[in-house]
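Here the structure is laid out as structure tokens; the discussion comes afterwards.
Just so we're on the same page: letters track the sequence lines, and every chain starts at 1.
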Amino acid sequence: MSAPVALIDCNNYYVSCERAFDASLVGVPVIILSNNDGCAIARSGEAKALGVKMGDPVHLIRDKIRQHGIRVLSSNYALYGDMQRRVVAAIEPFARDFEIYSIDETFVDFAGFEHLDLAAHSRAMCAQVRQWTTIPTCVGIASTKTLAKLANAAAKKNPTFDGVADLRDEDLCRWVLDQFDVDDVWGVGRATAAKLAGLDICTAGQLRDMALKQARAIGGVVLERLVAELRGVPACAIETVEPQRKGMAVTRSFGTPVTDMDMLMGAVAQYAMRAGEKLRQHGLVAGRLTVFFHTNRHKQDQPQYSATRTLSMQPMTNDGLMLLAYARRGIESAWREGYGITKAGVMLEDLIDADRRPRTLFEDDSGRRDRLMVAMDQVNMRFGTFAAVPASQGFKREWAARSDSKSPNYTTRIAEVPAVKAR
DNA sequence: TCTGGGGTCCTAGGACCC
DNA sequence: TCTGGGGTCCTAGGACCC
């Protein structure tokens, strides 16, 4: 028997974060919108019960929102990111080790804890998270990460588990796997589910019983590993050290279409500067930059244009103004008049640690540019994003994404911290 | 008027080399 | 007239995740 693995997952995470600071959101249907206030990306239980689906475009559910008085909020990532820090701090004392898998999910290594009643231990962990953050959580325990994901889903779905499902019991595991559709399994998406349906494999239990060879034939090594995991044979370990990242991106949709190259340049200037900031935060430099922009693909009756330019950067850099210069070249070479551009972005690849950066013969080693970047980071940190920007970015930002109903930065900006009044 | 953003991994196929 | 086989590296694209 392999060591127990648990997945602790926050319920309706973004909504729960908002509720922590606004009691009027408790007990009523709430949805959180994607960037640009485009579609619903998080829903309270009440909103799910009203039939709001993940990814529903908000303009298609206006009637439902009005009819049921659904509360609608723009997303507030500064808040969700900061709350995650607090959630993880509450989990930490209960785990031998852990892997932060996403903004609302953490895998917990329970190796060496087998002598404990792990369900009780997990409930204590959830109680700690709730006390420190008010955020409700569920836990799934199993012998592999894939089974822990399903255990967690079972704990959320079936009230008899009371928030914690332990699938190390084989009979219980079989019973639960037969309850879930194959596309509920972690790693099975639309394409794979369709192939499996052709073989009459429709439940997680049937997928577990599939021949490994056949799994390999239709879904490659990924599906083969997945079937092994469903059988309780670990094929993916808990990653407790954060792996070196391979790329990063800053991309946005525009609030209104952009038809002017200078205006596009303004948006991309902001993304390039932000990308440089992210590189410096992670202590990295990049060797390759891709800039892209395109028209609205949902409107096929309008003229479509999509462009991508990839440039290799020498020397490798994390200097925002350098990134901006490369991005500018890409845009100038790809720009065409006569289109309404609705999205653009800057992506960086070939990332390595800044202190392992290969030196080139003719570069400026004085460090002046590094100091400029440090200064800009400090100004923006202290006076708010966009306090110091290159002139090409402009200050009007006509293209800025919509964010009409964002909650305050309760925990990350001192001016917006909620005040508690004594009576 | 109105449809997100940011990642990872795997595979196939071309270029190139010996 | 006849024209190998195998390895590596890189890139683009698909699939999936939250």
Side-chain ion pair, [X] and [Y], N-O less than 4.0 Å:
X        : Y        : value
A:Lys64  : A:Asp56  : no
A:Glu416 : A:Lys406 : no
A:Glu277 : A:Arg274 : yes
A:Asp82  : A:Arg86  : yes

>> Below 30° counts as parallel, above 60° as perpendicular, anything between as tilted: where do the rings of A:Phe21 and A:Tyr410 land?
In response: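 It falls in the parallel class, under 30°.
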> Aromatic ring centroids of A:Trp399 and A:Phe293 under 6.0 Å?
Replying inline: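 No, too far apart.
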State which of [options] makes the closest approach to the side chain of [X].
X        : options               : value
A:Ser253 : C:dC16, B:dT8, B:dG4  : B:dG4
A:Lys149 : B:dG5, C:dC17, B:dC10 : C:dC17
A:Arg288 : C:dC16, C:dT11, B:dG4 : C:dT11
A:His59  : B:dC10, C:dC17, B:dC2 : B:dC2
A:Ile41  : B:dG4, C:dC18, B:dC10 : B:dG4
A:Arg245 : C:dC18, B:dT8, B:dG4  : B:dT8
A:Arg252 : C:dA15, B:dT3, B:dG5  : B:dG5
A:Arg225 : C:dA15, B:dC10, B:dT3 : B:dC10
A:Glu105 : B:dG4, B:dC9, C:dC18  : C:dC18
A:Lys246 : B:dC9, B:dC10, C:dC18 : B:dC9

Expressed as a whole number of angstroms, how long is the span from [X]:[atom1] to [N]:[atom2]?
X        : N      : atom1 : atom2 : result
A:Lys53  : B:dT3  : NZ    : C1'   : 17 Å
A:Ile218 : C:dA15 : CD1   : P     : 13 Å
A:Tyr101 : C:dC17 : OH    : P     : 8 Å
A:Asn11  : C:dC18 : CG    : C1'   : 15 Å
A:Leu279 : B:dG6  : CG    : P     : 13 Å
A:Trp186 : C:dC16 : CH2   : C1'   : 11 Å
A:Ile61  : B:dT1  : CD1   : P     : 19 Å
A:Asp37  : B:dT3  : CG    : P     : 11 Å

So what does [X] hit on the nucleic acid, given a heavy-atom distance under 4.0 Å: a base, only sugar-phosphate, or nothing?
X        : answer
A:Val222 : sugar-phosphate
A:Val346 : nothing
A:Gly247 : sugar-phosphate
A:Thr192 : sugar-phosphate
A:Lys195 : nothing
A:Arg190 : sugar-phosphate
A:Arg62  : nothing
A:Met248 : sugar-phosphate

> For DNA chain B, whose closest nucleotide is more 5', that of A:Lys299 or that of A:Ala249?
Replying inline: A:Lys299
>> Can you work out whether A:Lys278 or A:Gly55 has the more 5'-proximal nearest nucleotide on DNA chain B?
In response: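 Going by which nucleotide is closer to the 5' end, it is A:Gly55.
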> Does A:Ser312 use its side chain to pair, donor to acceptor, with the backbone of A:Arg288 at less than 3.5 Å?
Replying inline: no
> Which base, if any, makes a Watson-Crick or G-U wobble pair with C:dC17, both distances under 3.5 Å?
Replying inline: B:dG6
> Say you pick atom P in B:dC17 and the same atom in C:dT3; how far apart are they, in whole Å?
Replying inline: 24 Å
> So, is A:Ser34 near the phosphate of B:dG5, with a side-chain N or O under 4.0 Å from OP1 or OP2?
Replying inline: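 Answer is no, no contact under 4.0 Å.
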